[in-house]
2 protein chains.
Amino acid sequence: MSTLAQNKADLERASTAQKVADMLRERVLLGELEPGLRLSEEAIGGALGVSRNTLREAFRLLTRDRILVHEHSRGVFVRRPTADDVRDLYAARRVIECGALRLWNAVGDAQREAVRAPVRQAVARAEKNDFSKTGSANIQFHRGIVGLAGSARLSDESDRLLAELMLAFRVAHEVEAFHQTYLPWNRKIVELLNDGTVEQAVQQLDEYFDAAEQDLASRLLAD
Amino acid sequence: MSTLAQNKADLERASTAQKVADMLRERVLLGELEPGLRLSEEAIGGALGVSRNTLREAFRLLTRDRILVHEHSRGVFVRRPTADDVRDLYAARRVIECGALRLWNAVGDAQREAVRAPVRQAVARAEKNDFSKTGSANIQFHRGIVGLAGSARLSDESDRLLAELMLAFRVAHEVEAFHQTYLPWNRKIVELLNDGTVEQAVQQLDEYFDAAEQDLASRLLAD
DNA sequence: ATTGTTGGATTGTTGAACGATTCTACGATA
DNA sequence: TATCGTAGAATCGTTCAACAATCCAACAAT
């Protein structure tokens, strides 16, 4: 934990714009700033004590992360994913995660453990009727899968997709209940992986995506 | 082509920062701005006639696209990919493109044609000893493959990976000669696809990546 | 109900300013 | 000679104020 590479990150302190962007991202993903909400430069900048220029830099960062959308001369808004967005999102996730999962037998055990552990924890908690962190456990599971590919770039993009999906859940008013539904699926996938039947696990993951996409898309259309 | 949705894109003309970013991106990818070069805010801003604030917004955009790297209080530089970057890049491409290619039988013929056409054109030109556009044909081939997934987000990320790879070629002094080498491979892949042996095509693509990565990484290490 | 019109509010962009950080060159010291 | 430290220049980070361009909401006219 105390390598020089670690310390380097501390030294390279974030710029103000970066810090503002991080804070806003958190606010949005926590649901304090609803999808569709317009973020006034003056209001936010005043509240945070940063200049308009710096704030605009932060907005650009979040726009590129698809957290915000930028409309020319109208301002920036918290992204409000549509059913079409959800389709696109899941098409991307399907390719990335199914592709990464197929590498199961080619990677080291540490990487495999990053897939198993979140499910194990979620199961343990669920048996005690503690569903507090099932959401983040589900996300960790999928992050673990993408991590099998061993590409930081792919993991970063996956994080962006996941964040955007968070917003879609928010729009569908399905933040808490959602993740719990799919724990059995994750469990089954890990079982199949441990059995060495990777292709079956991939197929299971694919079905998971089908179900999740259907569920979410239908809720968005009803909106 | 003349739908209202199309016109909308024209109306929403890019901001100055966006236009500056587009111009700089082109300059970098054309090789007019070498990897490693530092881009002075004052020099570039003065030459382009935009203010520092606007220019900095453009820099942020390109930084997020991994065209530039930003070092705190030191400025922005044209990205100079390392051998490690190349490994990461190909790990990502392998997952994305192999995953997308496996969807061959699930997509419409227009999408399949976007994969075949670039290879057909490149072959036709090569027979006339015209190697002028083999580079972009190769890129179009891979863009076509990613397009099979039907996700704009995935295609965008793929474009970023490809652009970054362009920079790596540039560092390796291998811009022109590179693409030609792999035309036979692309041809073979299309043949296998047309034969209906998708899995074999995927395997062939995987080997293509192996060879390309090896080639490029070794040239970068020698640098 | 639809279509101008008109202020008022907000964004887009600029230019200047100044503290903070980095770089460069030049000596000082061993 | 090589290393170290330091002053000064150059550049970045951030803020502020200003103004033009654009959008919006309310109202008037048809």
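Letters A, B, ... are given to chains in the order of the sequence lines, protein chains preceding strands, and every chain is numbered from 1.
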Checklist entry - Does D:dT14 have OP1 or OP2 sitting under 4.0 Å from an N or O in the side chain of B:His72? => result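 No, B:His72 has no side-chain N/O under 4.0 Å of OP1/OP2 on D:dT14.
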Checklist entry - Would you say a side-chain N or O of A:Ser15 is under 4.0 Å from OP1 or OP2 of D:dG13? => result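 Checking A:Ser15 against D:dG13: no side-chain N or O falls below 4.0 Å of OP1 or OP2.
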Checklist entry - Among all residues two or more places apart in sequence or in another chain, which pass the side-chain contact (heavy atoms from CB on, under 4.5 Å) test with A:Val95? => result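 Partners of A:Val95 by the side-chain contact (heavy atoms from CB on, under 4.5 Å) criterion, ordered by chain and then number, come out as B:Leu103, B:Ala149, B:Leu154.
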Item to check | Sequence-distant partners of A:Asp65, side-chain contact (heavy atoms from CB on, under 4.5 Å), two or more places apart | outcome: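 A:Arg25, A:Ile67, A:Arg160, B:Arg64.
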Rounded to whole angstroms, how far apart are [atom1] on [X] and [atom2] on [N]?
X	N	atom1	atom2	answer
B:Phe77	C:dT22	CZ	P	12 Å
A:Glu42	C:dA9	CD	P	10 Å
A:Lys19	D:dT14	NZ	C1'	12 Å

Those residues that, when tested against [X], pass salt bridge (charged side-chain N to carboxylate O under 4.0 Å, His left out) (two or more places apart):
X	value
B:Arg112	B:Asp109
B:Asp84	B:Arg87
B:Glu213	B:Arg94

Check the interface with nucleotides 17-20 of chain D: list each N/O to N/O pair with the protein under 3.5 Å, or write none.
{"residue": "D:dA18", "atom": "N6", "partner": "A:Arg52", "partner atom": "NH1", "Å": "3.4"}

Item to check | For DNA chain D, the residues among residues 34-41 of chain A that have a non-hydrogen atom under 4.0 Å from it | outcome: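 Those residues whose heavy atoms fall under 4.0 Å from DNA chain D, taken from residues 34-41 of chain A, amount to none.
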Checklist entry - Counting only non-hydrogen atoms, which of residues 54-69 of chain B are less than 4.0 Å from DNA chain D? => result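 Those residues whose heavy atoms fall under 4.0 Å from DNA chain D, taken from residues 54-69 of chain B in numerical order, are B:Arg56.
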Next on the checklist: Could you measure the distance from the CZ atom of B:Arg80 to the CG atom of B:Leu220? Nearest 0.5 Å is fine.
Outcome noted: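 CG of B:Leu220 is found 8.5 Å from CZ of B:Arg80.
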Checklist entry - Hey, does B:Ser51 reach any base, or is it just sugar-phosphate, or nothing, if we go heavy atoms under 4.0 Å? => result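 Base contact.
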Next on the checklist: Base, sugar-phosphate or nothing for B:Gly49? Non-hydrogen atoms, less than 4.0 Å.
Outcome noted: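 Sugar-phosphate contact only.
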Checklist entry - Does any nucleotide pair with C:dG8 by Watson-Crick or G-U wobble geometry, both distances under 3.5 Å, and what is it? => result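 D:dC23 - that is the nucleotide pairing with C:dG8, both distances being under 3.5 Å.
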Test side chain to side chain donor-acceptor pair (under 3.5 Å) applied to [X] - qualifying residues, sequence neighbours left out:
X	answer
A:Arg66	A:Glu157, A:Glu164
A:Glu113	A:Arg116, A:Arg120
A:Arg93	A:Glu97, A:His142
B:Arg125	none

Item to check | Single hit among B:Leu216, B:Val171, B:Asp215 for side chain to side chain contact (heavy atoms under 4.5 Å, CB included) with B:Val86 | outcome: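 For B:Val86, the side chain to side chain contact (heavy atoms under 4.5 Å, CB included) check succeeds only for B:Leu216.
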